[in-house]
Amino acid sequence: MTVGVLALQGDFAEHISILRSMRIRIVEVRTPLDLEAVDRLIIPGGESTVISGLLQSSGLWQKICTRVRKKTLPIFGTCAGLILLAKHVTGKNAPQTLQLLDVTVDRNAYGSQIQSFDRKIRLKGASKSLDVAFIRAPKITEIGKGVEVLATSGGNPVLVRQGQLLGATFHSEVTGTPEIHKLFLDAV
Ligand code: GLN
């Protein structure tokens with residue numbers, strides 16, 4: 001299996017390093033040709049408005065949507081990556097999104113960069129808690145039918161799955177927590 005990490009902007013290096021520690025074959029995805037070589041894709045955190053523009057100008061936008069529709073591209077989106085997958089985004093300067101995952105997210109719902117925080121979360125049914133970081137994180141405010149909540153924090157969904165799409169409002173790659181990547185690679 002080859003995992004693509006969208007490497008247009010944001011914290012793709014942290015995703016690559018966690019995947020490397022798991023001995024996963026990786027391709028940095030910047031062009032439609034790169035995308036052809038991958039079985040799965042991670043859309044990292046960063047600045048969703050910037051990544052949105054770069055997805056369009058690189059020609060990746062349509063290719064990603066086509067493969068998701070054909071169910072040949074499981075995607076894990078973290079933070080800005082989740083925002084880009086979401087059907088609806090609220091908040092100031094909401095970017096254009098791929099509209100693939102049936103959730104509404106409120107961008108920058110916790111405030112600015114200095115309101116970022118680390119927190120322990122627990123996956124549903126798990127006994128062990130995981131260290132993750134919420135960095136200018138979005139909040140998932142509405143969930144469509146067919147979207148499964150895999151973890152909550154403070155009463156809010158923070159990890160959701162719909163078919164082959166997995167979305168997290170937090171970063172586990174920043175805290176060096178491999179469990180969410182394992183979940184994506186094993187179960188989606
Ligand atoms: N709030 C940022 C955005 O809208 C995402 C932050 C992040 O990815 N850590 O792009």
Side-chain angles (χ1 to χ4, degrees), residues 3-19 26 28-30 40-58 60-61 64-65 74-121 130-143 147 149-154 156-162 165-181 183-184 188:
V3 176
V5 181
L6 187 72
L8 297 173
Q9 192 267 337
D11 80 330
F12 55 88
E14 283 78 0
H15 282 281
I16 290 169
S17 108
I18 208 150
L19 291 167
I26 300 150
E28 295 187 16
V29 174
R30 295 190 178 86
R40 287 163 194 246
L41 182 68
I42 292 179
I43 306 183
E47 182 55 48
S48 54
T49 51
V50 173
I51 301 175
S52 175
L54 293 171
L55 277 173
Q56 293 174 61
S57 59
S58 63
L60 280 164
W61 188 282
I64 291 173
C65 291
I75 303 181
F76 174 28
T78 59
C79 211
L82 164 68
I83 295 171
L84 288 160
L85 290 176
K87 275 231 163 102
H88 308 284
V89 182
T90 55
K92 234 166 80 185
N93 302 326
Q96 237 191 303
T97 71
L98 298 160
Q99 303 188 327
L100 298 169
L101 178 62
D102 194 5
V103 293
T104 302
V105 297
D106 185 12
R107 208 183 151 227
N108 300 329
Y110 298 91
S112 62
Q113 189 75 19
I114 52 165
Q115 269 94 40
S116 301
F117 52 92
D118 289 348
R119 188 170 278 174
K120 287 190 189 300
I121 62 153
L130 309 173
D131 289 310
V132 300
F134 290 79
I135 305 170
R136 269 192 314 129
K139 257 186 199 168
I140 298 172
T141 53
E142 278 174 57
I143 300 257
V147 178
V149 176
L150 302 183
T152 58
S153 175
N156 299 302
V158 293
L159 182 67
V160 294
R161 176 164 63 198
Q162 181 178 26
L165 305 176
L166 182 69
T169 64
F170 55 81
H171 296 265
S172 53
E173 72 290 352
V174 166
T175 47
T177 301
E179 279 80 357
I180 313 292
H181 289 72
L183 181 81
F184 174 57
V188 170

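The structure presented is a predicted model; accordingly, all values stated were derived computationally and were not measured. Whatever order the structure lists ligands and atoms in, that order sets their numbers, starting from 1. Note that these values count all heavy atoms, side chains included, but never hydrogens, waters or copies made by symmetry.
For Arg40 (side chain) and Phe184 (main-chain N/O), a donor-acceptor pair under 3.5 Å exists by modelled atom type. Distance alone, capped at 3.5 Å, is enough to place a donor-acceptor pair between the Arg107 side chain and the Lys92 backbone. Without hydrogens or angle criteria, Thr169 side chain to Lys139 main chain gives no donor-acceptor distance under 3.5 Å.
Distance from atom 1 (N) of ligand 1 to its nearest protein heavy atom, with residue and atom name: Asn108 OD1, 2.4 Å. Closest protein heavy atom to atom 3 (C) of ligand 1: Ser48 OG, 3.3 Å. In terms of protein heavy-atom proximity, atom 7 (C) of ligand 1 is nearest to Cys79 SG, 3.0 Å. Looking only at protein heavy atoms, the nearest one to atom 4 (O) of ligand 1 is Arg107 NE, 2.5 Å.
Of all the atoms in ligand 1, the ones that sit under 4.0 Å from a non-hydrogen atom of Ile83 are 3 (C), 4 (O). If you number the atoms of ligand 1 from 1 as listed, the ones under 4.0 Å from a heavy atom of Gly45 come out as 8 (O). Heavy-atom contacts of Ala80 reach the following atoms of ligand 1: 5 (C), 7 (C), 8 (O), 10 (O) (cutoff under 4.0 Å). Near Ile135, with a cut-off below 4.0 Å to any heavy atom, the atoms of ligand 1 are 6 (C), 7 (C), 9 (N).
Using the six-membered ring where Trp is involved, His15 and His181 have ring planes that are tilted, between 30° and 60° apart.
Compare Gln113, Lys92, His171, Arg136 by their heavy atoms: the one nearest to atom 6 (C) of ligand 1 is in Arg136.
A donor-acceptor contact under 3.5 angstrom links the side chains of Gln115 and Ser112, judged on distance only.
Using a non-hydrogen distance threshold of 4.0 Å, Gly46 registers as a contact of ligand 1.
None of Val105, Val89, Leu55 except one satisfies the side chain to side chain contact (heavy atoms under 4.5 Å, CB included) rule with Thr97; the exception is Val89.
Contacts between Ile51 and ligand 1, counted as non-hydrogen atom pairs separated by less than 4.0 Å, are absent for every part of the residue.
Using a 4.5 Å heavy-atom threshold, the side chains of Leu166 and Arg161 count as touching.
For the atom pair Asp118 CG and Ile135 CD1, the distance stands at 7.5 Å (nearest 0.5 Å).
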